[in-house]
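Please read the structure below before turning to the comments.
Just so you know, these numbers come straight off a predicted model, no measurement behind them.
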Amino acid sequence: MSKVKTRFAPSPTGFLHIGGARTALFNWLYAMNKNGKFYLRIEDTDKARSTDKAIKAIFDGLEWLGLSWEEKIIFQSKNISRYREVVDILIERNKAYFCYASENELSEMKKFARENGLKKTYNGLWRDKEPTDNEKNIKPVVRFKSPQVGETIITDLVQGEVKIKNEQLDDMVLLRSDGTPTYMLSVVVDDYDMEISDVIRGDDHLNNALRQINLFHALEWDPPNYAHIPLIHDSGGKKLSKRENAVGVDEYKKMGILPEAMKNYLLRLGWSHGNDEIISENEAINIFSINNIGKSPSRFDLKKLKNINSIYLKNMPKKELLDLVINLLNDSHDKKIIEDNLEKFKMILDDLIERSDNLKDLILNSNFLFDKEIYLNKDAENIIENSDKIIIKNFISSLNNEKDWSTKNLEILTKSFAKDNSLHLKDLAMPLRASITGNNNSPNIFKVMFALGKDLSLNRLQKFY
RNA sequence: GACCCCUUCGUCUAGCGGUUAGGACAACGCCCUUUCACGGCGUAAACACGGGUUCGAGUCCCGUAGGGGUCACCA
């Protein structure tokens, strides 16, 4: 059996799209599962739209997700001569021809096709036609001589058998008038040259696959296996749009999503293994199969992603998590402050994790530790406003006299003070929380007070009482 | 418009001719609780519709409807 080789072949026109990320993941998992190889191919034959920045964004995105690729990256822009060579073979075999149709003629054909309910737009005008001397001044494109009778069948690993009548297929452009290849040509040539065994890609390519198969046949090459996976839609069932969702993986990174969680979520979007939900990378490699890819499109659900993220957050080794958080803190706080408060932070880290489903929130929830000034939110303001100032002042002075500033003792102390004064615990605890953290919710307030220490805690309390 | 694909709880999905149609997220309720969470327990929630085939259909076939994709010298 020949070796499994898959590829992820984005065109570098923007960020790494969430759908692209899933496609890459499936290709990667399949290759790893089969002990094969996963390649990266940059489809940059459209010079006008391709940018280095986009190439970097794709690398960064894949790297973040931990999808490692074979060192040899194919850039299609560097294979131009190879594509032309293949076109020469095609012309020689009378499977391709020059087309001198003008822009006007082409748009007339499109109009005609549209008006007559035809799928095929180009009408084959130049199939068997020689140019006049005048027309020879026009730079021609090269078109593929697509079969006109019979039907083309593809046995797709996901979609099953898909057929189309060949009369529906028109003669696609292989080489543009400037001599650069089109996608239809370069994909076929590279998949063959790279010995790609399985092409896993979005089902927006399903129609293209039918045309590409004919090219393979004309070249007398064996086509790869195809697996066209359904697209990811937004929550309304429409194409993922920037307006409603973040569509670049980098945005999820910024949101504080862990790459492992992202991978797990993406894996379960369109693929399943019984009732499994949380699947480690190793497990995924072991059990991934194309058989279990669903045929219907799925909708992107941020809530589920966050849920999975919170699970990964809770199970992550503390050291690793700490490194990530410190890194992120560096973006918003100065180094000294982070260092000075690191021990305190560690004391309440578990509590913070419990309350966050992403790293960004986790940091937000720890602001009371790292911010020099406490800013009261609206709820905290109200809590302080409506508290019994005299009682709290009394309580503060009894705290002031306290020597044992442990979590446990602070709790005992507060409870008995509440009891002695016929108060509910929350009548004391909430004002403490509000003035110490500036917030109406936080981790266990006694733990927070312990972490902050007596001086700082009392300091903050005395600001408001 | 033509062609191709799809259709199980709100969402992701299990199911591969006989199931009380299962799980997860979300929602709701209860318990825990100083808050917010976490956790525990529970409730509600689906086979798009219509015909066949079959003793029997979520599962197979055909229509209808709805959704998506493709129709470039973009990929």
In whole angstroms, how far is the [atom2] atom of [N] from the [atom1] atom of [X]?
{"X": "A:E411", "N": "B:rU33", "atom1": "CD", "atom2": "P", "answer": "11 Å"}
{"X": "A:F446", "N": "B:rU35", "atom1": "CZ", "atom2": "C1'", "answer": "11 Å"}
{"X": "A:N365", "N": "B:rU35", "atom1": "CG", "atom2": "C1'", "answer": "12 Å"}
{"X": "A:L364", "N": "B:rC36", "atom1": "CG", "atom2": "P", "answer": "18 Å"}
{"X": "A:K306", "N": "B:rA26", "atom1": "NZ", "atom2": "C1'", "answer": "13 Å"}
{"X": "A:H228", "N": "B:rC5", "atom1": "NE2", "atom2": "C1'", "answer": "11 Å"}
{"X": "A:Y83", "N": "B:rC73", "atom1": "OH", "atom2": "C1'", "answer": "17 Å"}
{"X": "A:N307", "N": "B:rC25", "atom1": "CG", "atom2": "P", "answer": "5 Å"}

Any donor-acceptor pair under 3.5 Å linking the side chain of [X] with the backbone of [Y]?
{"X": "A:D371", "Y": "A:I374", "result": "no"}
{"X": "A:N27", "Y": "A:F8", "result": "no"}
{"X": "A:N264", "Y": "A:I279", "result": "yes"}
{"X": "A:N79", "Y": "A:R82", "result": "no"}
{"X": "A:S435", "Y": "A:F464", "result": "no"}

Do nucleotides 7-20 of chain B as a string where each nucleotide becomes B, S or -: B if the base has a protein heavy atom under 4.0 Å, S if just the sugar-phosphate does, - if no protein is that close.
S---SBSS------

Could you write nucleotides 37-50 of chain B as a row of B, S and -, 5' to 3', where a protein heavy atom under 4.0 Å of any base atom gives B, of only sugar-phosphate atoms gives S, and otherwise -?
BS------------

In whole Å, measure the gap between the [atom1] atoms of [N] and [M] for me.
{"N": "B:rG58", "M": "B:rC47", "atom1": "P", "value": "11 Å"}
{"N": "B:rA48", "M": "B:rC6", "atom1": "P", "value": "14 Å"}
{"N": "B:rG42", "M": "B:rG23", "atom1": "P", "value": "11 Å"}
{"N": "B:rC61", "M": "B:rG29", "atom1": "C1'", "value": "45 Å"}
{"N": "B:rG22", "M": "B:rG69", "atom1": "C1'", "value": "32 Å"}
{"N": "B:rA44", "M": "B:rC30", "atom1": "P", "value": "16 Å"}
{"N": "B:rC32", "M": "B:rC41", "atom1": "P", "value": "16 Å"}

Test of understanding: with side-chain contact (heavy atoms from CB on, under 4.5 Å), list the residues that count as partners of [X], not counting sequence neighbours.
{"X": "A:D88", "answer": "none"}
{"X": "A:L456", "answer": "A:K344, A:L452, A:R460"}
{"X": "A:V325", "answer": "A:L321, A:L329, A:F345, A:L359, A:L362, A:I363"}
{"X": "A:N207", "answer": "A:K119"}

For a quick check of understanding: with a heavy-atom distance under 4.0 Å over all strands, which category does [X] fall into, base, sugar-phosphate or nothing?
{"X": "A:L210", "value": "nothing"}
{"X": "A:M172", "value": "nothing"}
{"X": "A:R201", "value": "nothing"}
{"X": "A:S442", "value": "base"}
{"X": "A:N444", "value": "base"}
{"X": "A:V141", "value": "base"}

Qualifying side chain to side chain donor-acceptor pair (under 3.5 Å) pairs with a residue from residues 410-423 of chain A, counting only residues at least two apart or across chains:
A:E411-A:K415

Can you confirm if the NZ or CZ of A:R143 lies within 45° of the ring axis of A:Y122 and under 6.0 Å from the centre of its six-membered ring?
yes

Earlier contact from the 5' end, RNA chain B, for A:A429 and A:A113:
A:A113

Closest-nucleotide mapping onto RNA chain B: is A:Q168 or A:L425 further toward the 5' terminus? I mean the 5' end.
A:Q168

May I ask which nucleotide in the shown strands pairs with [N], Watson-Crick or G-U wobble, both distances under 3.5 Å?
{"N": "B:rU43", "result": "B:rA27"}
{"N": "B:rU34", "result": "none"}
{"N": "B:rC71", "result": "B:rG1"}
{"N": "B:rU54", "result": "none"}
{"N": "B:rU59", "result": "none"}
{"N": "B:rC9", "result": "none"}

Please identify each residue that fulfils salt bridge (charged side-chain N to carboxylate O under 4.0 Å, His left out) with A:E385, with sequence neighbours left out.
none

Please determine which of A:D156, A:N208, A:D204 meets the side chain to side chain donor-acceptor pair (under 3.5 Å) test together with A:H228.
A:D156

For side chain to side chain donor-acceptor pair (under 3.5 Å), just list the numbers for A:S289 and A:N292, CA-CA rounded to whole Å, side-chain angles, deciding distance to a tenth of an Å, and then say yes or no.
CA-CA 6 Å; A:S289 79; A:N292 294 320; 3.2 Å; yes

Give me the residues of residues 102-112 of chain A where at least one heavy atom lies under 4.0 Å from an atom of RNA chain B, by number, or none.
A:K110

Taking salt bridge (charged side-chain N to carboxylate O under 4.0 Å, His left out) as the cut-off, I'd like each qualifying pair that reaches into residues 293-316 of chain A, sequence neighbours left out, listed once.
A:E277-A:K304

Protein and nucleotides 59-62 of chain B: nitrogen or oxygen contacts under 3.5 angstrom:
none

Does anything in residues 414-434 of chain A pair up under ring-ring contact (aromatic ring centres under 6.0 Å, His included), and if so which pairs, sequence neighbours excluded?
A:F395-A:F417

Of the candidate nucleotides [options], which contains the atom at the shortest distance from the side chain of [X]?
{"X": "A:L206", "options": "B:rG69, B:rC4, B:rC71", "answer": "B:rC4"}
{"X": "A:V173", "options": "B:rC73, B:rU35, B:rC5", "answer": "B:rC73"}
{"X": "A:M430", "options": "B:rA75, B:rU70, B:rU35", "answer": "B:rU35"}

For the pair A:N444 and A:D351, evaluate side chain to side chain donor-acceptor pair (under 3.5 Å) and give the outcome as yes or no after the intermediate values.
CA-CA 8 Å; A:N444 181 310; A:D351 296 74; 5.9 Å; no

Can you find a side chain N or O atom of A:T45 that sits less than 4.0 Å from OP1 or OP2 on B:rA75?
yes

Within the modelled atom types, does a donor on one side and an acceptor on the other bring the side chain of A:N208 and the base of B:rU70 under 3.5 Å apart?
no

